[in-house]
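These notes concern the structure reproduced below.
Below, read A as the first sequence line, B as the second, and so on, with proteins coming before strands; counting in each chain starts at 1. On a predicted model such as this, the values are computed, not experimentally measured, just so you know.
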Protein chains: 2
Amino acid sequence: MSDDTKGAGGTKTDAARDDMPIGSLARLTGVKIPTIRYYEEIGLLPAPTRSQSNRRLYAARDAARLAFIRHARELGFDLDAIRILMALQEKPEQSCSEADGIARARLAEVEDKIARLSALKIELEHMLEGCAHGRIATCRVIEVLADHGKCRHQ
Amino acid sequence: MSDDTKGAGGTKTDAARDDMPIGSLARLTGVKIPTIRYYEEIGLLPAPTRSQSNRRLYAARDAARLAFIRHARELGFDLDAIRILMALQEKPEQSCSEADGIARARLAEVEDKIARLSALKIELEHMLEGCAHGRIATCRVIEVLADHGKCRHQ
DNA sequence: CTTGATCCTCTAGTAACTAGAGGATGTAGG
DNA sequence: CCTACATCCTCTAGTTACTAGAGGATCAAG
């Protein structure tokens, strides 16, 4: 680690000290190195300071930001929604109705997806329960797929 | 429509007559024109005959094949699986255990996805039930996302 | 010095489409 | 015949969120 960076930031707090290389950040947050670079590229993460040899150096606040992103991704929020949520986070006096709306929309999506997958599950189960492990000529799986009458949108 | 095509195929059955333009096929099957072209490009649909002006001309068997693909896509089978299923369809004496296996794998995926989405639903609901529509400073949505302790994988 | 780990930028790929751009052909009506 | 609209062609590139190298540079330990 370059002493120059340390010296220049001698009065920095822990949250502000840029001394964590990208590999450490990846291990700390569980987000892969290329993904971290990707988030920087699309503006979701600020470009970090660099060492003399051009290596990225992160601070604890970057780790916190990345953890927020990761958590939101796990909940299925898309990157644009996360962008909005993070912007809101930086305006404590703002109404939280937008954040609420984003989360509600996501919940509705999840509920819709569950419903659709459940219907799908039933269809697949029906397909499989008639399957006697015989020949293709009498194969239920192939038969159902080939039967246009079974297409749900026709 | 070119009389040449008709003349050359004078003894063709309906299933073999190549006279349906791509727009008609798209309307008949509900699959978009670019998607049909895409399927041809990746080999899922055979390249059709062409008119003198280079327009694609499809037969009823092409429509049947496309309907199979579409039905399988709706059930969430990926294109490689569909490729296999269609190959199996053309071998009536073959055992249908592979088709069965493909469908079972898909069913397992669906069940897994339902379980994961259901857990997600609960998390989102918890997040939202504490939301009092106040300020960001006390916003449950932002709070939960920012709280690393709530990250499921840490 | 060597070796292995870590990091850099860049290009392109993944899966399944989808959206034009720019041009050609077909058809109906005047 | 012309015009206007519909239909079709190929080609390129975009969508979303990553991901996989290639080729090279730097860092740290032995």
Side-chain angles (χ1 to χ4, degrees), chain A residues 1-6 18-45 47-58 62 66 68-86 106 109 113, chain B residues 1-6 18-45 47-58 62 66 68-86 106 109 113:
Chain A
M1 167 180 338
S2 162
D3 280 338
D4 287 349
T5 305
K6 267 278 185 87
D18 304 329
D19 63 356
M20 191 177 353
I22 194 167
S24 301
L25 181 65
R27 283 187 294 271
L28 179 66
T29 59
V31 182
K32 290 177 185 161
I33 292 176
T35 307
I36 296 173
R37 291 200 196 107
Y38 172 64
Y39 289 156
E40 177 191 329
E41 184 194 328
I42 62 173
L44 215 44
L45 275 184
T49 59
R50 301 281 185 131
S51 68
Q52 287 246 7
S53 52
N54 204 29
R55 293 181 171 214
R56 292 168 172 82
L57 298 174
Y58 295 95
D62 297 310
L66 192 53
F68 184 103
I69 295 169
R70 187 183 176 215
H71 195 180
R73 284 297 301 129
E74 284 175 350
L75 292 177
F77 293 104
D78 64 41
L79 297 182
D80 278 344
I82 294 168
R83 214 182 289 273
I84 295 170
L85 291 169
M86 289 174 80
R106 176 66 191 139
E109 274 172 25
K113 186 76 184 196
Chain B
M1 172 181 335
S2 164
D3 280 340
D4 286 351
T5 306
K6 268 278 185 80
D18 305 328
D19 62 357
M20 190 178 355
I22 195 167
S24 301
L25 182 63
R27 282 186 294 275
L28 178 65
T29 58
V31 182
K32 291 178 185 158
I33 293 175
T35 307
I36 297 173
R37 290 198 198 111
Y38 172 65
Y39 290 157
E40 176 191 327
E41 185 196 328
I42 62 173
L44 214 44
L45 276 184
T49 60
R50 301 281 186 132
S51 67
Q52 287 246 3
S53 52
N54 204 30
R55 292 182 172 213
R56 292 168 171 81
L57 298 173
Y58 295 94
D62 298 310
L66 192 53
F68 185 104
I69 295 168
R70 185 182 177 215
H71 195 182
R73 284 297 300 130
E74 284 175 349
L75 291 177
F77 294 105
D78 63 41
L79 297 182
D80 279 345
I82 294 168
R83 214 182 291 273
I84 295 169
L85 292 169
M86 288 173 79
R106 177 63 189 142
E109 275 174 23
K113 186 76 184 193

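Note on Leu79(B): only backbone sugar-phosphate atoms sit closer than 4.0 angstrom, heavy atoms only; bases stay farther off. Within 4.0 Å of Ile33(A), counting heavy atoms only, lie sugar-phosphate atoms of the nucleic acid but no base atom.
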What are the atom names and distances for every N/O pair under 3.5 Å that joins the protein to nucleotides 9-13 of chain C?
unit_1: dT9(C); atom_1: OP1; unit_2: Arg50(A); atom_2: NH1; d: 3.2
unit_1: dT9(C); atom_1: OP1; unit_2: Arg50(A); atom_2: NH2; d: 3.0
unit_1: dT9(C); atom_1: OP2; unit_2: Arg56(A); atom_2: NH1; d: 3.0
unit_1: dT9(C); atom_1: OP2; unit_2: Arg56(A); atom_2: NH2; d: 3.1

Pick out the pairs of N or O atoms, protein on one side and nucleotides 21-25 of chain C on the other, that lie under 3.5 Å.
unit_1: dT25(C); atom_1: O3'; unit_2: Ser53(B); atom_2: OG; d: 3.4
unit_1: dT25(C); atom_1: O2; unit_2: Arg55(B); atom_2: NH2; d: 2.9

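The side chain to side chain donor-acceptor pair (under 3.5 Å) search around Asp78(A) returns none, not counting sequence neighbours. Every residue two or more places apart in sequence or in another chain was checked for a salt bridge (Lys or Arg N to Asp or Glu O under 4.0 Å) with Arg27(B), and none qualifies. Every residue meeting the side chain to side chain donor-acceptor pair (under 3.5 Å) condition with Arg106(A), not counting sequence neighbours, appears here in chain and number order: Glu109(A). Under the salt bridge (Lys or Arg N to Asp or Glu O under 4.0 Å) criterion, Arg83(B) pairs with Asp80(B), sequence neighbours left out.
OP1 or OP2 of dC18(D) has not a single side-chain nitrogen or oxygen of Lys32(A) nearer than 4.0 Å. Proximity of Tyr39(B) to the phosphate of dA16(C): no side-chain N or O atom is located under 4.0 Å from OP1 or OP2.
Regarding Ile42(B), its CD1 atom lies at a distance of 12 Å from the P atom of dT14(C), rounded to whole Å. If you measure from atom CG of Asp78(B) to atom P of dC17(C), you get 10 Å, rounded to the nearest angstrom. Atom-to-atom, OH of Tyr58(B) to P of dT7(D) comes out at 16 Å; the value is rounded to the nearest Å. The interatomic distance linking Asp19(B) (CG) with dG26(C) (P) rounds to 16 Å, in whole Å. Between the CD atom of Glu74(B) and the P atom of dA16(C) there is a distance of 15 Å, rounded to whole Å. Nucleotide dC17(C) holds its C1' atom 13 Å from the CG atom of Leu44(B), rounded to whole Å. When rounded to the nearest whole Å, the span between CG of Leu57(A) and P of dC7(C) equals 10 Å. The separation between Ile82(B) atom CD1 and dA15(C) atom P is 13 Å, rounded to whole Å.
By the 4.5 Å heavy-atom criterion applied to side chains, Leu28(A) and Tyr58(A) are not counted as neighbours. Taking the side chain as every heavy atom from C-beta outward, Leu44(A) and Tyr38(A) never approach each other to under 4.5 Å. Taking 4.5 Å as the limit, every side-chain heavy atom of Asp62(B) sits out of range of all side-chain heavy atoms of Met20(B).
Scanning all heavy atoms of the two residues, the minimum distance from Arg73(A) to Ile82(A) falls at CD-CD1, 3.6 Å. In terms of heavy atoms, Ile33(A) sits closest to Ala26(A) at CG1-CB, 3.8 Å.
Picking from dC17(C), dT19(D), dC9(D) the nucleotide with the shortest atom distance to the side chain of Tyr38(A) gives dT19(D).
Residues Thr35(B) and Arg27(A) both approach DNA chain C. Their nearest nucleotides, taken by heavy-atom distance, put Arg27(A) toward the 5′ side.
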